[in-house]
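What follows is a set of notes on a single structure, which appears directly below.
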Amino acid sequence: MSSRPTILKRSTWTSQPKGFTRITSRLLDPADIVLLVPHYPAIGDVTVGVEPLETSCARIRGWRNLHIRVNGWADLGYPYVIDQAGRIFEGAGDTHAAAHAMHHNFTALGVLFIVGNGERPSAAARASFRALGRYLRATKFPNMRTLPVDHGNLPRNSTACAGQPIRSEIAAGRLTFGPLTGRPTPAAPGGTYTVQPGDTLSSIAAAHGTTVAALAEANGISNVNLIKVRQRLTIPSSSDSGGLSRATDTPWPGSALPQVFLAASNPFRSTPGVPLDNWHRAVPASHSAAFFEYLRRAGYRPTGTSKWAHEELARQWLLDAHRSVTQRADVRRHGNGKAFGNAASIWAAVQAVLAAGGLYSGAIDGQPGPATWWGLTERMNRQRNAYK
């Protein structure tokens, strides 16, 4: 059992209660957390260094205010924060999904290093990160890999975070918190990946945001159930896989998607037969993949091959077919409603479209939770025959 590091309670830096705990659909399943993800705050080319406790607390309060007032989130986006003195702060906490990395909030915990863009985490900060990782893995999250992956190297997250110094620390093994477990960092599109023990073609495709079919085609694999340890695979680019995630693996539109969601789980798991009896559940991956396949078959195409190809498809659909509805949507907190230029505002507009059709009664907040996906799935199932 790993000893508990000193973790300063949330009350050290704020008297405000946690925000994400009020959203029951964001409850985490401890078995689903597989990564500890370092971040930096993007405060520019400054050197923070070791600061007094109150200075670190003031910084965290400022970021919480920014995340709530500008981003429209329920709280600070980071579960934990570490400063250059090595102090560990409880941020948003680790019982509910926070908002530190798009598409990964239900499978990863974010840790913010209080550093400048080009500043290396101190020895004390690195030691605290390792101690925190060991403790979380030993006591709460048994499937957490001991090799961290920084924000910008997560699949479908294109960002400079967590900066080159932190990436260098990861590469040098100075943020690894035990014997290596799990797969290495996913390869970039167009790169190569070496098959590890326990890998399957479907797990590799899922980790890299591509499809089994695209992966098999790129590597000349005739039997998708047969791959070998240490085999090197070429990862297809998003254009090779149509910019879609696992769309060809979904049952839609050949058959209707089930309205199946599982409480206390994450967007990449589902349990057949669980009834839709309340809003406390998450979204199976096949449903989100089916939505973008639905748009593709309706004639929409990505405007590029970036990691945001999914959102580009949704934006085209909104501006083409639902401009009048989305113009009335209250998306001012998310990009000021300008052409739905970021993922949050796009999803707020999707919610407005669903609400106008009587398929959504929640907040127009840009957070595509189970209620949003219930409405989208219902819409797809009603119209699927039109897009065969």
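Not measured: the values here are computed from a predicted model. Residue indices begin at 1 and follow the sequence shown.
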Quick check: does any side chain N or O of [X] sit under 3.5 Å from a backbone N or O of [Y], one acting as donor and the other as acceptor?
X	Y	value
Ser122	Gln84	yes
Arg26	Thr21	no
Glu119	Val48	yes
His67	Gly77	yes
Arg61	Thr14	no
His151	Gly110	no
Asn153	Val149	no

Evaluate the side-chain proximity of [Y] to [X]: yes if any heavy-atom separation is below 4.5 Å, no if none is.
X	Y	result
Val115	Pro165	no
Ile227	Asn219	no
Trp63	Ile43	yes
Thr12	Leu53	yes
Lys140	Pro30	no
Val81	Trp13	no
Ile68	Trp73	no
His96	Ile23	no

Joint hydrophobic cluster, [X] plus [Y], side-chain heavy atoms closer than 4.5 Å:
X	Y	result
Tyr40	Tyr78	no
Ile60	Phe113	no
Ile166	Leu109	yes

Salt-bridge present (Glu51, Arg87; N to O < 4.0 Å):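 Here Glu51 does not pair with Arg87 in a salt bridge, since their nearest N and O are not under 4.0 Å apart.
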Basic-acidic side-chain contact under 4.0 Å: Glu90, Arg10: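 No, no charged N to carboxylate O under 4.0 Å.
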Mutual orientation of the aromatic rings belonging to Trp347 and Trp373 [parallel < 30°, tilted 30-60°, perpendicular > 60°]: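 Plane angle between 30° and 60°, so tilted.
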Phe129 and Phe177 aromatic ring geometry - parallel, tilted or perpendicular at 30°/60° bounds: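 Because their plane-to-plane angle is over 60°, the rings of Phe177 and Phe129 count as perpendicular.
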Salt bridge (charged side-chain N to carboxylate O under 4.0 Å, His left out) partners of Asp150, counting only residues at least two apart: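 With sequence neighbours excluded, Asp150 shows a salt bridge (charged side-chain N to carboxylate O under 4.0 Å, His left out) to Arg167, given in chain and number order.
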With sequence neighbours excluded, residues passing salt bridge (charged side-chain N to carboxylate O under 4.0 Å, His left out) with Arg22: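 Once residues adjacent in sequence are excluded, Arg22 has no partner under the salt bridge (charged side-chain N to carboxylate O under 4.0 Å, His left out) criterion.
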Leu359 versus Arg379, closest heavy-atom pair with distance: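 So the two residues come closest at CD1-CB, 3.8 Å.
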side-chain hydrogen bond (donor to acceptor under 3.5 Å, both in side chains) partners for Tyr80, two or more places apart: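 Scan of Tyr80 (side-chain hydrogen bond (donor to acceptor under 3.5 Å, both in side chains), adjacent residues dropped) gives Asp94.
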